[in-house]
Amino acid sequence: MKHVLTVAGSDSCGGAGIQADLKTFSALGTYGMSVITAVTAQNTTGVVMVREMDPEMVAAQINCIFEDIKVHAVKVGMVSSAEIITTIGNCLARHRAVNIVIDPVMVSKSRCNLLRPEACETLVKVLFPLATVVTPNIPEAEVIVGGTITTLEDMKGAAVEIYNKGAKNVIVKGGHMEGPAIDVLYDGKQFLQFSGERVATTNTHGTGCTFSSAIAAYLARGLTMTEAIEGAKKYIHRAIAHSFPIGRGVGPTNHFHELYEKAGLLD
Ligand SMILES: Nc1ncnc2c1ncn2[C@@H]1O[C@H](COP(=O)(O)OP(=O)(O)O)[C@@H](O)[C@H]1O
Ligand SMILES: Cc1ncc(COP(=O)(O)OP(=O)(O)O)c(N)n1
């Protein structure tokens with residue numbers, strides 16, 4: 001059994017954040033552990049409140065895990081403030097964490113800030129050099145590189161710029177573009193494209209959290225970066241294809257589609 005840690009925020013409605021990460025780790029045959037950076041009160045229509053954890057408590061959670069359990073991969077999601085980011089960076093470096101997937105979560109689809117805008121620079125400076133892979137969506141990549149991304153060539157340019165900020169691999173996700181869902185990986189030498197048919201649904205809450213957690217789970221299981229992204233892409237595609245409405249807004253993806261299929265619970 002491989003052990004995967006998520007360092008992220010709690011999503012009360014269960015489709016994104018810590019909850020999505022733990023479901024993904026379990027669905028992909030790994031043991032999931034969590035460090036909570038913030039608690040959000042949110043549902044399918046939006047985020048109504050955010051409470052950050054004390055950085056000391058974030059450090060205590062990380063240290064407790066690393067001092068006792070082998071961690072085969074780490075996914076980092078919502079990190080909220082510069083103080084929390086610095087704490088996470090120090091702890092991951094001290095424990096020599098491996099297979100670090102940084103999802104630079106900034107704003108939810110419902111347009112709530114999940115990262116204080118002034119903390120973006122710290123996120124890039126402190127966490128990107130520790131990252132095995134960084135997984136920005138288009139709006140996040142635009143903030144990081146300070147430009148507009150509208151084409152595949154723009155995505156490639158952004159991936160190179162983000163790589164130059166210290167990450168070993170960068171995958172710019174194309175979920176926010178039109179047409180097929182194409183993600184672009186840059187590993188410092190070449191570009192690879194991962195393409196999936198776009199699923200026509202509004203139930204895409206937590207797609208980015210789920211995708212980055214799937215990459216972490218597959219890296220923990222010993223797959224190469226390319227294999228891990230291919231696996232994650234297939235997993236998120238099926239999770240979106242079998243997503244469902246649970247409230248009045250953007251519903252979650254179906255993390256356990258394979259299990260439900262075997263149980264005869266899918267349409
Ligand atoms: N409607 C969709 N159909 C198929 N794949 C999608 C769809 N929306 C997003 N994806 C894929 O889901 C993953 C997460 O991307 P994205 O939604 O852009 O992340 P985020 O939630 O961070 O905004 C990517 O692999 C992207 O290509
Ligand atoms: C607690 C928490 N973390 C992250 C997100 C954002 O999730 P993401 O997968 O990037 O996409 P949306 O949920 O915005 O669709 C979140 N909402 N909550």
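- In this structure, SG on Cys209 lies 10.5 Å from CE on Met78, to the nearest 0.5 angstrom.
- Considering only heavy atoms from C-beta on, Met177 comes within 4.5 Å of Ile138 through its side chain.
- Atom CD of Glu118 sits in a crowded spot, with more than 12 heavy atoms from other residues, nucleotides or ligands closer than 6.0 Å.
- Using a 4.5 Å heavy-atom threshold, the side chains of Thr37 and Ile88 count as touching.
- Taking the charged nitrogens against the carboxylate oxygens, Glu230 and Lys233 have no contact shorter than 4.0 Å, which rules out a salt bridge.
- Checked by atom type and distance alone, the side chain of Asp154 pairs as donor or acceptor with a backbone atom of Thr150 at under 3.5 Å.
- Summarising the geometry of Ala158 relative to Val145, their closest heavy-atom pair is O-CG1, 3.9 Å, with the distance given to 0.1 Å.
- Counting heavy atoms from C-beta on, the side chains of Val134 and Glu140 never come closer than 4.5 Å.
- Although no hydrogens or angles enter the test, the distance criterion places no donor-acceptor pair under 3.5 Å between the side chain of Arg221 and the main chain of Gly29.
- Put simply, the side chain of Lys75 never gets that close to the backbone of Val4: no donor and acceptor are under 3.5 Å apart.
- The two residues Phe66 and Ala97 make their nearest non-hydrogen contact at CZ-CB, 3.8 Å.
- In the hydrophobic clustering of this structure, Val133 does not group with Val126; members are Ile, Leu, Val, Met, Phe, Trp, Tyr whose side-chain heavy atoms approach within less than 4.5 Å, directly or through other members.
- For the pair Ile69/Tyr31, no side-chain contact is recorded, criterion being any heavy-atom separation below 4.5 Å from C-beta on.
- You'll find the side chain of Val76 stays beyond 4.5 Å of the side chain of Leu130, heavy atoms only.
- Atom OH of Tyr186 is separated from atom CG of Leu192 by 11.5 Å, given to the nearest 0.5 angstrom.
- Expressed to the nearest 0.5 Å, how far CD1 of Ile215 lies from OG1 of Thr210 amounts to 11.5 Å.
- Aromatic ring orientation, His242 versus His257: parallel (interplanar angle below 30°, classes split at 30° and 60°).
- Judged by distance alone, the side chain of Thr6 and the main-chain N or O of Ser34 form no donor-acceptor pair under 3.5 Å.
- Linking Ile, Leu, Val, Met, Phe, Trp and Tyr residues whenever their side-chain heavy atoms come within less than 4.5 Å leaves Leu28 and Met33 in two separate clusters.
- Note that the OG1 atom of Thr87 and the CD atom of Gln61 stand 11.5 Å from one another [nearest 0.5 Å].
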query = Under the side chain to side chain contact (heavy atoms under 4.5 Å, CB included) criterion, do Asn137 and Lys173 qualify, and how do the steps go?
reply = CA-CA 5 Å; Asn137 63 21; Lys173 301 171 294 190; 3.8 Å; yes
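- Not one N or O on the side chain of His95 forms a donor-acceptor pair closer than 3.5 Å with the backbone of Asn63.
- With hydrophobic clusters built from ILVMFWY side chains whose heavy atoms lie under 4.5 angstrom apart, Val160 shares a cluster with Ile102.
- With hydrogens and angles disregarded, a donor-acceptor distance shorter than 3.5 Å links the side chain of Asn203 to the backbone of Gly251.
- Remark: Lys165 is not positioned above the aromatic ring of Phe128, lacking an NZ or CZ atom under 6.0 angstrom from the ring centre and at most 45 degrees off the axis.
- The CG atom of Leu266 sits 13.0 Å away from atom CZ of Phe256, with the distance rounded to the nearest 0.5 Å.
- None of Asp11, Ile36, Thr40 except one satisfies the side chain to side chain contact (heavy atoms under 4.5 Å, CB included) rule with Ile18; the exception is Ile36.
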task = For the pair Gln193 and Leu152, evaluate side chain to side chain contact (heavy atoms under 4.5 Å, CB included) and give the outcome as yes or no after the intermediate values.
result = CA-CA 10 Å; Gln193 287 180 24; Leu152 215 53; 3.5 Å; yes
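- When side chains are defined from C-beta on, Ile229 does not count as touching Asp183, because their heavy atoms never get closer than 4.5 Å.
- Side chains of Ser110 and Ser108: a donor-acceptor N/O pair is present below 3.5 angstrom, by distance only.
- When hydrophobic clusters are built by joining Ile, Leu, Val, Met, Phe, Trp and Tyr residues whose side-chain heavy atoms come closer than 4.5 Å, directly or via intermediates, Leu127 is grouped together with Val172.
- Of all heavy-atom pairs between Leu5 and Phe25, the closest is C-CE1, 4.1 Å.
- Nearest approach of Ser80 to Ala38, heavy atoms of both residues: OG-CB, 4.5 Å.
- No side-chain donor-acceptor contact under 3.5 Å links Thr24 to the backbone of Ala214.
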request  = Evaluate side chain to side chain contact (heavy atoms under 4.5 Å, CB included) for Arg116 paired with Ile84, printing each intermediate quantity in order.
outcome  = CA-CA 11 Å; Arg116 293 171 185 248; Ile84 293 176; over 6 Å; no
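- Using modelled atom types, one finds a donor on one side chain and an acceptor on the other under 3.5 Å when comparing Gln19 with Ser10.
- Note: the hydrophobic cluster containing Val107 also contains Val39 (ILVMFWY, side chain heavy atoms under 4.5 Å, direct or indirect links).
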ask   = Are Val98 and Thr132 close enough, and set up right, to give a side chain to side chain contact (heavy atoms under 4.5 Å, CB included), and what steps lead you there?
value = CA-CA 8 Å; Val98 295; Thr132 308; over 6 Å; no
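- In this structure a side-chain-to-backbone donor-acceptor pair under 3.5 Å is present from His3 to Lys70.
- Residues Cys120 and Val143 have side chains in contact (heavy-atom distance under 4.5 Å, counting atoms from C-beta outward).
- Glu67 CD: more than 12 foreign heavy atoms inside a 6.0 Å radius.
- In terms of modelled atom types and a separation under 3.5 Å, the side chain of Tyr235 and the main chain of His255 share a donor-acceptor contact.
- When atom types are taken as modelled, the side chain of Asn99 and the backbone of His72 share a donor-acceptor pair closer than 3.5 angstrom.
- Val79 pairs in a side chain to side chain contact (heavy atoms under 4.5 Å, CB included) with only one of the listed residues (Leu114, Val105, Leu123), which is Leu123.
- In this structure the side chain of Lys125 never reaches within 4.5 angstrom of the side chain of Ile85, judged on heavy atoms.
- The two residues Pro55 and Glu83 have their closest heavy-atom pair at CG-CB, 3.9 Å.
- Here the shortest heavy-atom pairing between Val170 and Pro136 reads CG1-CD, 4.3 Å.
- Note: Lys2 NZ to Thr30 OG1 = 11.0 Å, rounded to the nearest 0.5 Å.
- For CD of Glu121, the number of neighbouring non-hydrogen atoms (other residues, nucleotides, ligands) closer than 6.0 Å is 12 at most.
- Inspection of the Thr207 and Lys109 side chains reveals an N or O donor paired with an N or O acceptor under 3.5 Å.
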